Amino acid sequence: MKRTITVRMMKKQENRAGYMFVFPWLFGLIVLGIFPILMSFYISFTNYDMISPMEWIGFENYRILFTNDSLFWKSLGNTVYHVAIAVPLSIFVGLALAFLLNNKVKGMSVYRTLFYLPNVVSVVAMTLLWMWLFQPNFGLVNAILDPLYDLFNIEPLGWYLDQDLSKITLILMGLWTSGGSMVIYLAQMQDIPTTLYESAEIDGAGWWAKTFHITLPLMTPSIYFNFIMGLIGGFQVFTMAYIMTNGGPSRSSYYYAYYLFDKMMADNAMGMASAMAWILLVIVLIVTVIALKLNKFVFYMGEDS
Amino acid sequence: MKKLLAALIVAVAAFAAIACDNESTDRITIDFWHMAPVGTAAYTPTKAIITAFNESQDTYFVKGTGFSFWDYWDKINIAISSRTAPDLGLSTLDDSVSRAEAGVLYNISDFLDADPDGLELDEFYDAALDFATYQNDLYALPFTATVRVLYYNLDMFEEVGLTVADVPTTWSELYDVAKQLDIVDGDGEIQRLGFDPSYGNATYHGWLWEAGLDFFDENLDPTLNTQAHIDVLQWMKDFNAEFTRNQLVAFGDANTLLGINPFAGERVAMMVETDGLYEIIQNANADFTFGVTTIPVPDDNGVRVNWGSGFSIELYDNGDNDTASKAGAWEFLKYMMSYDVQKEMSEVNGWIMAHKRAMSDLATETGDPILARLLVEVEYARDKVYVPYAPSWHGNDWQPYYNNFLSGEMTATEALAAARANYIQKQENYDATH
Amino acid sequence: MASATRYKSRKTTKTITHLILHVVLVLCSLVFVFPFLWMLFTALKTPAELLRGIQQFLPARPQWSNFITAVQAIPFFMYLKNSLIIVVLVVTGTVFSATTAAYAFAKLRWKGRDKWFIVMLATMMLPIQVILIPTYIMYAKIGWLGTRLPLIVPAFFGGGSAFYIFLLRQFFKGLPRELSESAVIDGANHWQIFVKIMLPLSKPAVVTVALFTFMGAWNDYFGPLIFLSNPEHWTLALGLRAFQTQYGGQYNLMMAASILIMLPTLIMFFFAQKTFIEGIKFTGIKG
């Protein structure tokens with residue numbers, strides 16, 4: 001009897017504590033966040049052009065996007081393609097870098113900093129690097145691959161100038177900034193108790209066994225994090241295309257967020273852009289909610305398995 | 001916990017400190033936004049111009065704030081849309097009518113009615129004034145004028161035995177001269193290009209205008225579907241048809257990789273560019289002889305015209321009935337458009353200003369033949385039309401089809417048909433929402 | 001005897017592995033370092049050398065004075081002070097609001113938690129551009145335009161920190177529940193558990209969040225551009241953009257200033273990653 005009351009009291013207390021801890025964020029969302037969010041939702045039903053007074057036009061923006069706008073579908077398709085390839089690939093590369101940089105080797109601090117460099121250098125510098133590497137005629141990558149092209153007797157790849165390869169090229173270029181997710185993996189690696197490795201070594205486990213039975217499973221929380229964030233961020237990708245390809249060739253790298261940006265900046269069609277934003281939100285939300293189901297494969301040390 | 005609390009208290013104290021540092025003056029403050037931020041060469045002289053106005057009277061105090069050219073547009077557009085725009089600011093002339101229509105600009109004709117001697121309108125180009133006119137009233141003033149001309153490198157001309165007399169005036173002359181100036185090395189890599197109609201600031205609509213054609217008719221319906229349109233587009237590509245697409249792309253990408261204008265970098269002998277290139281060449285102290293001239297026109301019935309544009313200066317109406325600062329803004333506008341200030345602004349920023357007499361006097365005084373030649377071409381400048389359903393008709397809307405054509409994915413006919421279909425769809429969608 | 005040989009061969013294998021590692025690391029570093037080198041060499045060029053572009057990768061005579069010119073062209077120390085004010089407050093605010101919210105999402109059971117979690121993720125799914133104007137209008141109405149408040153206050157209330165909340169949640173969830181349970185039995189309240197157990201044990205994650213926030217606030221020019229009107233409040237990132245003028249701009253000065261702006265973030269990174277030393281945490285706790 002007494003025991004049940006304590007448990008109930010503790011639950012009540014925990015409930016209250018939960019609200020207390022989440023309060024700053026929740027308060028910010030409700031007080032500072034809600035007006036802009038609701039207003040952008042309202043704008044999506046108007047023809048707002050950013051200067052004239054807005055007029056309510058009902059679902060017209062949504063109707064047009066779905067039925068009379070070929071670029072809407074094209075850009076959505078490009079984006080889905082990007083997400084499908086970039087998300088797993090960047091998780092793989094981020095992890096690989098983290099493994100590489102988690103060794104106890106002299107000067108590791110310096111290497112880590114160097115690998116992180118592309119995340120802080122100016123965009124102009126990165127653009128020049130990419131062009132220097134991937135330019136089909138004089139770029140370094142094609143120069144290195146030249147013997148292979150000769151061997152298999154194929155045309156040199158056109159990279160960002162080829163509409164079939166432009167998205168892949170941009171994804172490869174994006175890997176330069178994997179340093180960001182690498183940091184998160186590195187941080188998570190520090191969570192893994194060394195005692196686990198020690199006991200595994202006593203059992204005669206080698207590098208492979210330790211990696212696949214200890215490290216990777218215990219890193220699932222951050223892999224999962226980068227996966228979900230990769231999805232959310234991937235659907236909003238456009239900076240790289242904006243800088244390198246202008247969405248081309250033949251709109252092959254014209255992403256959804258790029259089109260949204262153009263609607264806003266080039267066409268002054270803020271109402272239409274807002275409608276696109278809300279459609280995107282619904283799409284990403286559905287994808288994310290499905291992806292959240294994968295949570296059951298994530299191993300949190302703190303939870304009972 | 002204590003540390004966190006301490007941090008919070010410090011933070012709150014900092015907010016309080018930040019929140020109440022307001023300056024006060026008993027004069028009426030006029031906000032003016034320009035494009036000479038702290039750190040640019042133009043900053044100090046711009047500030048001096050503003051200070052001179054502030055010292056000339058004691059009713060108003062003009063507070064000038066400069067933003068980088070690339071940031072200025074975001075800043076002012078957001079301010080206009082939320083009705084927190086400065087009293088005066090620079091904007092783009094070709095779409096000032098759209099702001100007039102939206103009611104965010106003060107009617108300059110009203111000021112002129114009350115103060116007829118405030119401005120001498122005949123000092124400015126009629127075409128520019130037309131662009132700022134909405135329902136027979138003036139809503140903005142032309143502040144600067146951009147002009148497009150043909151730059152030619154005289155050293156390269158001399159190298160192949162040509163002189164100033166050979167500077168081309170027609171498309172066929174342009175072709176003949178350009179071909180003498182091309183240099184290709186043994187590996188087939190282009191080292192120098194005589195001319196390319198798609199380089200620099202040469203545009204398809206620019207060439208169309210010279211041929212007496214346009215993208216839109218007077219109702220703003222897209223044209224583009226005649227054989228003449230196809231011919232001009234085809235001409236642009238055929239100009240360097242003896243090179244492969246790969247050769248041209250490699251040359252173009254190498255220019256980008258250089259990070260400099262290919263004419264200033266002495267990689268092309270002739271190029272269509274704006275007056276801005278003159279500024280770049282001067283700043284870089286480039287050591288080659290060059291000249292500017294009218295962009296060559298078609299051999300038959302060519303129209304002498306170039307795509308001009310410019311900044312406007314506008315008085316923003318934030319709907320707050322602030323008559324005091326409105327009057328001050330008008331005073332400062334008159335000052336900014338005056339002969340002396342226009343001359344100074346040109347020297348400071350390297351811009352061609354809208355004041356005709358100020359500019360021609362400046363050219364005479366400095367004895368600058370390039371400036372004098374640029375001013376001649378301003379007379380033939382034509383701004384692009386503002387199309388509400390496709391404000392970026394020459395940019396975002398046209399570029400993909402243009403690039404598809406240049407890369408050989410589409411023929412001229414296909415590209416123009418596809419572009420036209422896109423304009424029609426945009427027009428349809430715009431009409432459905434307005 | 002046998003064990004000695006095994007020990008020796010193990011040592012040689014280790015040396016060889018390290019050697020290979022170094023080779024791989026150096027090779028990879030080259031591609032990662034290239035853009036930085038380009039920036040550095042550009043910063044050291046004369047205007048005439050800029051014209052020759054990448055054909056002349058190395059400056060003939062390094063113009064170290066470009067760094068001084070860049071610093072002197074703008075009120076560098078005023079901008080630096082402004083950047084620091086914003087960055088310090090934003091990092092403090094974000095770390096505070098993100099860690100507390102993350103603790104609630106990771107370790108506490110409260111009504112509606114899972115629904116709010118989805119809402120939190122959803123706040124990241126709306127492209128920021130479409131809420132910019134409404135946000136601006138809101139701050140104009142409150143009278144915060146022209147002050148630093150729009151850049152600082154939201155940080156204390158989780159503005160823009162959904163990413164960090166989610167990240168920290170993942171880390172907090174990995175902390176053994178027994179730790180907090182035993183603390184509860186010892187009479188500790190949730191705030192004490194949070195401050196005394198959760199935060200210290202998640203140091204790498206909290207440091208990561210602080211680092212990311214620092215870099216975000218330090219490099220952000222758009223927020224200051226839009227919300228600050230008085231140049232006396234401008235930050236380094238915004239002030240630096242003066243070198244980007246309509247016609248080309250002074251690339252060498254721009255890169256010199258960019259490098260000066262980058263350096264603090266690199267130094268921060270260097271020290272932050274030092275906390276990532278293997279297994280600091282559970283030594284003493286049974287696995």
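Here is how names work: the chains are called A, B, and so on, in the same order as the sequence lines, proteins then strands, and each is numbered from 1. Here the structure is a predicted model, which is why all the values come from computation and not from measurement. Both backbone and side-chain heavy atoms feed into the values below; hydrogens, waters and symmetry mates do not.
Partners of B:Asp71 according to the salt bridge (charged side-chain N to carboxylate O under 4.0 Å, His left out) rule, which considers only residues two or more places apart in sequence or in another chain, are C:Arg241. Remark: B:Asp317 pairs with no residue by the salt bridge (charged side-chain N to carboxylate O under 4.0 Å, His left out) rule, at least two apart or across chains.
For the set B:Asn422, B:Asn246, B:Val104, B:Asp397, the count of heavy-atom pairs under 4.5 angstrom toward chain A peaks at B:Asn246. Taking A:Met270, A:Gln163, A:Met272 one by one and counting their heavy-atom pairs under 4.5 Å with chain B, the maximum is reached by A:Gln163. Contact count versus chain B (heavy atoms, under 4.5 Å) is highest, among A:Asn268, A:Ile57, A:Ile51, for A:Ile51. Per-residue counts of heavy-atom pairs under 4.5 Å with chain B were compared for A:Leu161, A:Asn137, A:Thr127; the largest is that of A:Asn137. Contact count versus chain A (heavy atoms, under 4.5 Å) is highest, among B:Ser82, B:Gly103, B:Ala250, B:Ser392, for B:Ala250.
Contacts between residues 62-84 of chain A and chain B, defined by a heavy-atom separation under 4.5 Å, are made by A:Arg63, A:Ile64, A:Asn68, A:Asp69, A:Ser70.
More than 12 heavy atoms of other residues, nucleotides or ligands shown are found within 6.0 angstrom of CZ on B:Arg245. For A:Met20, the CE atom sits in a loose shell: 12 or fewer heavy atoms of surrounding residues, nucleotides or ligands are nearer than 6.0 Å. For B:Asp185, the CG atom counts as densely surrounded, since its 6.0 Å shell holds more than 12 non-hydrogen atoms of other residues, nucleotides or ligands. Heavy atoms of other residues, nucleotides or ligands lying less than 6.0 angstrom from CD of A:Glu155 number 12 at most. Residue A:Tyr149 places its OH atom among more than 12 non-hydrogen atoms of other residues, nucleotides or ligands, all under 6.0 Å distant. Residue-environment remark: OH (A:Tyr242) stays at or below the threshold of 12 foreign heavy atoms within 6.0 Å.
For chain A, the nearby part of B:Glu428 is the side chain; its heavy atoms alone come within less than 4.5 Å. Residue contact with chain B, scored on non-hydrogen atoms closer than 4.5 Å, is absent for A:Tyr254. For A:Met265, the part sitting under 4.5 Å from any heavy atom of chain B is the side chain, from C-beta outward, and nothing else.
The shortest side-chain heavy-atom distance between A:Asp267 and B:Pro391 falls under the 4.5 Å cut-off. When side chains are defined from C-beta on, B:Val249 counts as touching A:Gln135, because their heavy atoms get closer than 4.5 Å.
Note that NE2 of B:His434 and OG of A:Ser52 are 7.0 Å apart. Values are rounded to the nearest 0.5 Å. For the atom pair CZ (B:Arg99) and CE (A:Met50), the distance works out to 12.0 Å, reported to the nearest 0.5 Å.
Counting all heavy atoms, side chain and backbone alike, B:Asp253 lies closest to A:Met131 at O-SD, 3.8 Å. Contact detail for A:Asn47 and B:Thr433: the closest heavy-atom pair is ND2-O, 2.8 Å.
A ring-ring contact (aromatic ring centres under 6.0 Å, His included) check over residues 152-174 of chain A, counting only residues at least two apart or in different chains, returns the pairs A:Phe134-A:Trp159.
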